[in-house]
Amino acid sequence: MLSLETTKEKQPPLRRAGSAATERRCLVSRQTVPVDQLIRFVAGPENTVFPDIAQRLPGRGMWVRASRDKLEDACRQNLFAKAARAPLSVETGLADRVERLLLERCLDLIGLARRSGGAVAGFEKVKMWLAEDKAGVLLLGSDSGEDGRGKLISAAKELPVVDLFSCAELAHVFARERMAYGALASGNLSGRLISESRRLAGFRHVSAE
């Protein structure tokens with residue numbers, strides 16, 4: 001489950017701060033979509049395809065929808081080389097690498113929120129934040145218990161919910177042995193996490209659309 005569209009009205013795509021362009025065309029679908037729904041690639045050292053997760057590296061960008069299937073199609077059809085008009089090699093397991101990079105990016109955002117006091121962990125603290133309307137996004141461990149999940153989802157009402165991360169992954173960020181539930185405060189970091197989670201969802205076998 002990835003409930004990122006459960007606010008009172010469907011949210012518009014979140015724009016990346018400082019981005020000169022907000023849309024690009026996917027190599028596979030040929031559709032023009034917001035950049036926060038895409039993964040940017042550039043020609044890296046030794047003519048290899050290099051993922052530019054932060055979308056900041058120099059060079060001509062090659063854009064693919066944030067989807068494991070779309071990226072695998074791009075690799076299979078040799079679309080990167082066609083776009084670059086030059087021989088480019090693609091590493092084995094590129095989609096897995098992109099997933100790891102996106103996961104690190106999301107967990108870094110959660111860690112930043114924790115260190116700045118903008119995140120809480122544990123059922124009771126999360127429940128309190130939800131009751132006081134402090135939370136901007138609810139975090140549920142993907143392998144957390146159904147009873148606790150159900151209670152917090154009910155308390156969250158229409159708040160965005162992300163359950164892409166395992167309890168172990170969340171626990172590592174919060175320096176705990178185990179963690180099933182968390183929340184980020186409303187604000188810039190929660191908005192960025194929602195945006196990045198949409199991209200990660202396409203690689204963790206959860207639909208981001």
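Shown here for Ala43 and Leu88, the closest heavy-atom pair between the two residues is CB-CD2, 3.9 Å. Of all the heavy atoms in Glu23 and Val35, the pair that sits closest is N-CG1, 3.9 Å. When every heavy atom of Ala54 is checked against every heavy atom of Arg105, the shortest pair comes out as CB-NH1, 3.7 Å. Nearest heavy-atom pair, Gly59 versus Val42, reported as atom, atom and distance to 0.1 Å: O-CG1, 4.4 Å. Between Ala183 and Val126, the closest heavy-atom pair is N-CG2, 3.9 Å. Closest approach of Leu152 and Leu130 over heavy atoms only: O-CD1, 3.7 Å.
Interatomic distance, CH2 of Trp129 versus CD of Glu124, reported as 15.5 Å (0.5 Å rounding). Residue Leu184 holds its CG atom at 14.0 Å from NZ of Lys134, rounded to the nearest 0.5 Å. With values rounded to the nearest 0.5 angstrom, Asp52 atom CG is found 10.5 Å from Leu101 atom CG. Atom CZ of Arg56 sits about 11.5 Å away from atom CZ of Arg40, to the nearest 0.5 Å. To the nearest 0.5 Å, the span separating CE on Met179 from CZ on Arg176 amounts to 7.0 Å. The CG atom of Leu193 sits 8.5 Å away from atom CG of Leu189, with the distance rounded to the nearest 0.5 Å.
Counting only distance, with no hydrogens or angles, the side chain of Ser186 and the backbone of Ala135 share a donor-acceptor pair below 3.5 Å. Between the side chain of Glu169 and the backbone N or O of Ser166, at least one donor-acceptor pair lies under 3.5 Å. Side-chain atoms of Arg199 come within 3.5 Å of backbone N or O of Ile53 as a donor-acceptor pair.
By the rule that hydrophobic residues join a cluster once side-chain heavy atoms approach within less than 4.5 Å of another member, Val120 and Ile153 end up as members of one cluster. Hydrophobic clustering places Leu27 together with Val90 (ILVMFWY residues linked when any side-chain heavy atoms are closer than 4.5 Å, directly or through intermediates). Linking ILVMFWY residues whenever their side-chain heavy atoms come closer than 4.5 Å, directly or via other members, leaves Leu38 and Leu57 in distinct clusters.
Between Arg204 and Leu103, some side-chain heavy-atom pair lies under the 4.5 Å cut-off. When side chains are defined from C-beta on, Thr48 counts as touching Ser89, because their heavy atoms get closer than 4.5 Å. Counting heavy atoms from C-beta outward, Leu164 and Ser197 have side chains that approach closer than 4.5 Å. Residues Pro51 and Arg97 have side chains in contact (heavy-atom distance under 4.5 Å, counting atoms from C-beta outward). Side-chain contact between Leu71 and Phe203 is present, with heavy atoms from C-beta onward closer than 4.5 Å. Side-chain atoms of Val137 and Leu159, non-hydrogen and from C-beta on, never get closer than 4.5 Å to each other. A heavy-atom distance below 4.5 Å is found between the side chains of Trp63 and Gln55. Within the 4.5 Å cutoff, no side-chain heavy atoms of Glu99 are placed close to those of Leu102.
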Inset, instruction - Decide yes or no on side chain to side chain contact (heavy atoms under 4.5 Å, CB included) for Phe165 and Leu200, but give the supporting numbers first. - result: CA-CA 10 Å; Phe165 318 113; Leu200 176 60; 3.6 Å; yes
Legend entry - ring-ring contact (aromatic ring centres under 6.0 Å, His included) between Phe80 and Phe41, intermediate numbers included: CA-CA 9 Å; Phe80 290 112; Phe41 297 86; 5.0 Å; yes
Legend entry - Residue pair Met62, Leu79: steps toward the side chain to side chain contact (heavy atoms under 4.5 Å, CB included) verdict: CA-CA 9 Å; Met62 297 171 285; Leu79 296 183; over 6 Å; no
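A donor and an acceptor atom, one from each side chain of Arg65 and Gln37, are located under 3.5 Å apart.
Counted within 6.0 Å of CD on Glu132, heavy atoms from surrounding residues, nucleotides or ligands total more than 12; the atom is thus considered enclosed.
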Enumerate donor-acceptor pairs with a distance under 3.5 Å from any side-chain N or O in residues 138-148 to protein atoms, sequence neighbours excluded.
{"unit_1": "Asp143", "atom_1": "OD1", "unit_2": "Cys167", "atom_2": "N", "d": "2.8"}
{"unit_1": "Ser144", "atom_1": "OG", "unit_2": "Gly141", "atom_2": "O", "d": "2.7"}
{"unit_1": "Ser144", "atom_1": "OG", "unit_2": "Arg149", "atom_2": "NH1", "d": "3.3"}
{"unit_1": "Asp147", "atom_1": "OD2", "unit_2": "Lys151", "atom_2": "NZ", "d": "3.4"}

